[in-house]
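Following: one structure in structure tokens, then a few remarks.
Sequence positions, counted from 1, serve as the residue numbers for this chain. Hydrogens, waters and symmetry mates are skipped; everything else that's a heavy atom, side chains included, is used. Numbering of ligands and ligand atoms starts at 1, following listing order.
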Amino acid sequence: MSFSKHMRIIAAAAAGVLIMTGCGAKEHDAAFFAMDTYMQVKTYGNEDVSADIEELVRALEDDLSVTDEQSDVYRLDHEGEFGVSDDAYELIGTSLDISRRTDGALDMTVYPVLRAWGFTSSTGYRVPAEDEISSLMEYVDYRRVDISERTVRLPEGFMIDLGATAKGYTGDRICALLAQKDITSAMIDLGGNITALGTKPDGRPWKVAVRCPYEEGYICTLDICNMSVITSGGYERYFEDEDGNEYCHIIDPASGHPVRNGILSVTVAGENGTLCDGLSTAYYVMGAEKAVQKWREYKDHEMIIITDDNYMLVTPGLEDIITVTDDRYTLKVIDDED
Ligand code: ADP
Ligand code: MG
């Protein structure tokens, strides 16, 4: 290589650095409503891929929606057998893996029961009779979902819903699209489900906040790079009966009832958004004690559990990157071992 060519390459690299740090990378903003929530994706770099991002999310929604009559999931639920898209196939497979590792706390077949409580159905919210719940429980068992050769089969009466993992999966797919486009810095916010790609354009970590359950404001912030931070909480969607009893949109597949176990929210952070989303729902179902046991068993993610007696249980890996912003909660670092 001649000397001058070498110099040109160095000069080009230096110019690149200048654009990134000195002048700031160009920000592009995709903002739209999809999957029942407001989504915002900020990317940094020269190319604007906002339209591709929105197109990808809408295509995923068309596959995965449980209410859209054209979607793969709807057709599977109503036809009992369907050759689903690659995305639906992959997400169903991954969600079943998470069901196995959480002993069925995550269970996509809970849908008939969820509907009976009025979630995503046109009947409106209601408290079903116990015998109605127990007869619908016959259709709840993720082990009966048969998935092979691109086709999914359900026993008679079974229906699935991927609401607990779809947004985490969507975050992962957006990251893959951005990688293809050589974009290395982005903030993906899918209705509070966060995936941060790389660092901020200035090289510092992204700062993301975890919401206070039931109230405005934030309970803590995390400084993260290349990580998803996904929260499940009953406060996100619930209804009350005349006596003031609360019923949330996360159902315990063991009982067929909305979860109420002393947890206000579970945040799971890690590299794989689908796993974080599935685990946050499953841990919410399990309760704090079992969730901690499961974390000790796998240790492939971080988590924050907010309890109704004002504790914030945090895995040791978050200690250096968490800032508590609400002093009503006491931070307790979870022990590595029992
Ligand atoms: P959000 O969608 O509010 O971010 P989650 O990721 O926790 O919250 O998913 C909750 C959704 O998952 C519910 O709205 C419902 O569609 C579905 N669901 C409820 N209970 C379960 C369960 N035990 N297993 C799998 N999916 C569930
Ligand atoms: Mg979830």
Side-chain angles (χ1 to χ4, degrees), residues 34-39 61 64-68 71 73-74 77 91-92 94-121 125 133 136-137 139-143 145 158-172 188-195 210-211 213-214 228-239 247-261 263-270 272-287 290-291 301 303 305-306:
M35 298 184 178
D36 249 347
T37 194
Y38 178 68
M39 301 189 164
E61 187 174 25
L64 306 177
S65 163
V66 73
T67 50
D68 172 0
S71 82
V73 168
Y74 188 95
D77 283 349
L91 181 55
I92 290 169
T94 307
S95 302
L96 291 173
D97 288 341
I98 302 171
S99 297
R100 285 185 280 269
R101 75 175 261 185
T102 60
D103 311 323
L106 182 80
D107 191 330
M108 62 179 74
T109 64
V110 85
Y111 190 55
V113 177
L114 186 85
R115 274 214 311 182
W117 288 90
F119 294 101
T120 79
S121 72
Y125 297 133
I133 295 173
L136 289 172
M137 286 295 284
Y139 308 123
V140 178
D141 185 352
Y142 69 93
R143 290 167 297 195
V145 178
F158 275 60
M159 295 174 119
I160 66 157
D161 160 32
L162 301 173
T165 47
K167 278 183 278 174
Y169 182 78
T170 301
D172 289 341
I188 302 163
D189 178 351
L190 310 180
N193 284 9
I194 303 290
T195 300
V210 176
R211 260 198 64 187
Y214 295 100
S228 290
V229 177
I230 296 187
T231 302
S232 283
Y235 64 90
E236 284 175 41
R237 200 151 16 112
Y238 65 94
F239 68 95
Y247 304 96
C248 76
H249 68 129
I250 300 174
I251 304 287
D252 183 348
S255 70
H257 286 254
V259 173
R260 207 163 59 191
N261 58 14
I263 290 190
L264 299 181
S265 74
V266 181
T267 300
V268 177
N272 183 314
T274 314
L275 179 67
C276 292
D277 200 358
L279 287 181
S280 69
T281 308
Y283 287 166
Y284 188 82
V285 170
M286 279 180 185
K290 189 150 184 224
H301 62 279
M303 69 177 178
I305 298 178
I306 312 288

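- When hydrogens are left out, the protein atom nearest atom 24 (N) of ligand 1 is D107 N, 2.9 Å; that is the closest non-hydrogen contact.
- Side-chain rings of F119 and Y247 stay apart, their centers remaining 6.0 Å or farther from each other.
- The side chain of V110, and not its backbone, has at least one atom closer than 4.0 Å to an atom of ligand 1 (non-hydrogen atoms only; side chain from C-beta on).
- For the residue pair S232 and S280, a side-chain donor N or O sits within less than 3.5 Å of a side-chain acceptor on the partner.
- Within the 4.5 Å cutoff, the side chain of H257 has no heavy atoms near those of the D252 side chain.
- In this structure, R143 places its CZ atom where only 12 or fewer heavy-atom neighbours from other residues, nucleotides or ligands lie under 6.0 Å away.
- Applying the 4.0 Å criterion to heavy atoms of D161 picks out, from ligand 1, the atoms 15 (C), 16 (O), 17 (C).
- At least one heavy atom of P253 lies less than 4.0 angstrom from ligand 1.
- The protein non-hydrogen atom at the shortest distance from atom 19 (C) of ligand 1 is H249 O, 3.2 Å.
- A heavy-atom separation below 4.0 Å is not found between A282 and ligand 1.
- With hydrogens left out, the protein atom closest to atom 20 (N) of ligand 1 is I251 N, 3.0 Å, a heavy atom.
- Atom CZ in R237 sits 6.0 Å away from atom CG in D36 (nearest 0.5 Å).
- T94 and T274 share no donor-acceptor pair across their side chains, judged by distance under 3.5 Å alone.
- At the top of the distance list for atom 1 (P) of ligand 1, counting protein heavy atoms only, stands E236 OE1, 3.6 Å.
- Summary of contacts: the protein heavy atom closest to atom 7 (O) of ligand 1 is S232 OG, 2.6 Å.
- Annotation: atom 9 (O) of ligand 1 to nearest protein heavy atom, A164 CA, 3.3 Å.
- The shortest contact between atom 5 (P) of ligand 1 and any protein heavy atom is with T281 OG1, 3.3 Å.
- Around the Mg ion (ligand 2), the protein contributes the following N, O or S atoms under 2.8 Å, ordered by chain and number: A164 O, D277 O, D277 OD1, T281 OG1.
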> Could you walk me through whether W117 and H249 pass the ring pair (Phe, Tyr, Trp, His ring centres under 6.0 Å) check?
Replying inline: CA-CA 9 Å; W117 288 90; H249 68 129; over 10 Å; no
>> Go through it in stages, so that I can follow the logic: the residues are T120 and Y111, the test is side-chain hydrogen bond (donor to acceptor under 3.5 Å, both in side chains), and I'd like the CA-CA distance, side-chain angles, deciding distance and then a yes or no.
In response: CA-CA 9 Å; T120 79; Y111 190 55; 2.9 Å; yes
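- Counting the atoms of ligand 1 from 1 in the order shown, those under 4.0 Å from a heavy atom of R237 are 14 (O).
- Ligand 1 has no N or O atom lying under 3.5 Å from any N or O atom of D252, backbone or side chain.
- Note: no N/O pair closer than 3.5 Å links M108 and ligand 1 by distance alone.
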